[in-house]
Colleague: 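Here it is, the structure in full.
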Protein chains: 2
Amino acid sequence: MEKDTTARLLDAAEYRMRRGGYNSVSFRDLASDTDIKSSSVHYHYPKKEDLGVALIDRYAERFFDALMVASSKAQTPKEKLYAFRKVYRGALYEDKAVCLCGLLGAEMAGLPPALVDGVTSFFEANVKWVSDALPDDLSKAEKYKRASTLVAAHQGAMMMANSSDDNKLFDTVTEFLISNTLGQD
Amino acid sequence: MEKDTTARLLDAAEYRMRRGGYNSVSFRDLASDTDIKSSSVHYHYPKKEDLGVALIDRYAERFFDALMVASSKAQTPKEKLYAFRKVYRGALYEDKAVCLCGLLGAEMAGLPPALVDGVTSFFEANVKWVSDALPDDLSKAEKYKRASTLVAAHQGAMMMANSSDDNKLFDTVTEFLISNTLGQD
DNA sequence: GATCCCCTATCTATTGATAGATTAAAGCTT
DNA sequence: AAGCTTTAATCTATCAATAGATAGGGGATC
């Protein structure tokens with residue numbers, strides 16, 4: 001089965017947005033990417049904001065789906081955190097781009113209001129997932145602290161790897177941090 | 001002495017760019033911010049790329065100046081890293097925005113070539129500074145690893161604090177990481 | 001008088017967005 | 001089955017607004 005138009009539009013929009021940001025995506029670019037006219041893009045997503053919301057929704061859903069798959073056999077906290085890392089790593093290596101929400105999170109103040117919530121929840125859900133992956137005996141506050149640190153470092157490492165064109169930086173940082181964060185009780 | 005036009009232009013451009021990214025800044029916006037005409041903005045910065053380069057240069061210079069000041073009395077690695085943190089923290093709390101290079105680093109693929117180098121060097125210099133601040137007895141590789149992690153986490157924490165409108169997240173993450181990174185030999 | 005700085009005026013390209021025609025398929029009615 | 005209606009998805013054509021950029025004029029200062 002072929003991909004329908006909305007899927008192809010979202011693919012094109014995600015590709016562009018994860019490289020140049022929200023304002024680097026235009027309806028005409030998407031139109032030429034998908035071989036339709038820009039007015040037809042508006043048929044699927046009347047406002048750019050609508051497109052943005054759909055993009056974030058799809059991205060988040062795909063991210064957490066991938067996270068479930070990657071962590072399905074994980075038992076220990078360590079295994080779960082490596083699953084988390086693996087999903088981030090895939091986004092960087094396979095898509096050759098930073099996290100959509102990481103980029104939009106930086107541009108937050110310039111985004112239409114409807115997008116802000118999606119980005120915020122993405123990170124909340126990230127932190128929650130990592131918190132739940134950490135050892136049970138840690139306090140809630142301690143879990144929050146470590147989970148936030150892990151998510152922040154993954155995002156930062158992604159951005160730095162991207163901007164220095166050196167993906168190994170991501171590997172180095174996240175590997176170090178996971179072993180280190182778990183290394184002490 | 002009043003600020004000259006270029007300084008006011010860079011102020012306005014930095015304000016906007018650190019909130020909405022490179023493509024959210026327009027010559028007309030800057031013109032109205034500084035009460036001149038957009039053609040006069042072109043007098044100072046003929047191309048947008050020129051403006052971008054000047055912005056990054058000034059930002060980097062100011063950053064490392066602030067770092068020198070903040071670390072002038074620092075003796076121990078721990079004190080130096082807290083100075084590093086303090087400068088990042090100031091950028092977040094006082095400017096109420098993310099790091100210019102952090103945002104541009106994410107948008108890298110959509111930037112004019114001339115800007116790319118500036119952003120890359122900013123991070124290289126960051127990592128180098130932190131490396132030099134770490135204890136002497138660590139290997140070069142170990143220093144690189146920890147320095148990259150610290151810089152990445154500061155950037156990521158800044159972005160997450162910004163996008164969740166909760167600056168304390170930055171404090172929590174960076175405090176945890178500095179004490180933790182130094183805590184083990 | 002040359003230089004610096006800003007102006008008016010204008011150009012072309014691109015932006016997000018809309019109106020209205022067209023086409024084809026799907027569903028109903030008789 | 002044939003004819004009619006509706007819906008979905010695309011098109012052409014066009015807007016007004018905004019983008020980056022340039023040409024050339026005017027006043028101030030050195």
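Every chain is numbered from 1, with letters handed out A, B, ... down the list of sequences. Below, all heavy atoms of this structure are taken into account, side chains as well, without hydrogens, waters or symmetry copies.
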Colleague: For C/dG16, does either OP1 or OP2 sit under 4.0 Å from a side-chain N or O belonging to A/K48?
Modeller: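 Answer is yes, contact under 4.0 Å.
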Colleague: Taking for each residue the nucleotide of DNA chain C with the nearest heavy atom, is it B/R8 or B/S38 whose nucleotide lies nearer the 5' end?
Modeller: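 In this pair, the answer is B/R8.
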Colleague: Taking atom P of C/dT10 as reference, at what distance in whole Å does atom NE2 of B/H42 sit?
Modeller: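 Answer to the nearest Å: 17 Å.
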Colleague: Expressed in angstrom and rounded to an integer, what is the separation of A/I36 atom CD1 from C/dT23 atom P?
Modeller: 19 Å
Colleague: Roughly, in whole Å, what's the span from CG in B/D29 to P in D/dA21?
Modeller: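 Answer to the nearest Å: 15 Å.
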Colleague: Is there a side-chain polar atom (N or O) of B/Y43 under 4.0 Å from OP1 or OP2 of C/dC6?
Modeller: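 No, outside the criterion.
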Colleague: Counting heavy atoms from C-beta on, name the nucleotide in D/dA19, D/dT12, D/dA21 closest to the side chain of A/S39.
Modeller: D/dT12
Colleague: Calculate the interatomic distance between B/L9 atom CG and C/dC6 atom P; express it in whole Å.
Modeller: 8 Å
Colleague: From D/dC11, C/dT18, C/dT15, pick the nucleotide closest to the side chain of A/S40?
Modeller: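 Closest of the options to the side chain of A/S40: D/dC11.
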Colleague: For A/V25, which contact category applies under a 4.0 Å heavy-atom criterion: base, sugar-phosphate, or nothing?
Modeller: sugar-phosphate
Colleague: Figure out the CZ/C1' separation between A/R28 and D/dT14, and round it to whole Å.
Modeller: 10 Å
Colleague: Taking CG from A/L30 and C1' from C/dG16, how many angstroms apart are they, rounded to a whole number?
Modeller: 12 Å
Colleague: Looking at A/Y15, does the NZ or CZ of A/R18 lie under 6.0 angstrom from its six-membered ring centre and within 45 degrees of the ring axis?
Modeller: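 A/R18 over A/Y15 ring: no.
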Colleague: Describe the nucleic acid contact of A/F27 in one word from base, sugar-phosphate, nothing, applying a heavy-atom distance below 4.0 Å.
Modeller: sugar-phosphate
Colleague: Please determine if B/K48 forms a cation-pi arrangement with B/Y22, meaning its NZ or CZ atom is less than 6.0 Å from the six-membered ring centre and no more than 45° off the ring axis.
Modeller: yes
Colleague: Can you check whether A/H44 has a side-chain N or O nearer than 4.0 Å to OP1 or OP2 of D/dT10?
Modeller: yes
Colleague: So, is A/K47 near the phosphate of C/dT18, with a side-chain N or O under 4.0 Å from OP1 or OP2?
Modeller: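 Answer is yes, contact under 4.0 Å.
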Colleague: Quick one: do A/D165 and A/K96 make a salt bridge, cutoff under 4.0 Å?
Modeller: no
Colleague: What is the distance from CG of B/D35 to P of C/dC5, rounded to the nearest Å?
Modeller: 18 Å
Colleague: Any donor-acceptor pair, under 3.5 Å, between the side chain of A/T5 and the base of D/dT10, if you only look at N and O atoms?
Modeller: no
Colleague: Would you mind reading off the distance between B/Y45 atom OH and D/dT22 atom P, rounded to a whole angstrom?
Modeller: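 For the pair B/Y45 OH and D/dT22 P, the rounded distance is 17 Å.
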Colleague: Quick one: sort the B/F170 and B/H154 rings into parallel, tilted or perpendicular, breaks at 30° and 60°.
Modeller: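 B/F170 and B/H154: perpendicular rings.
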Colleague: Strictly below 4.0 Å: does B/S26 bring a side-chain N or O up to OP1 or OP2 of D/dT18?
Modeller: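 No.
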Colleague: Tell me whether the rings of B/F27 and B/H42 are parallel (<30°), tilted (30 to 60°) or perpendicular (>60°).
Modeller: parallel
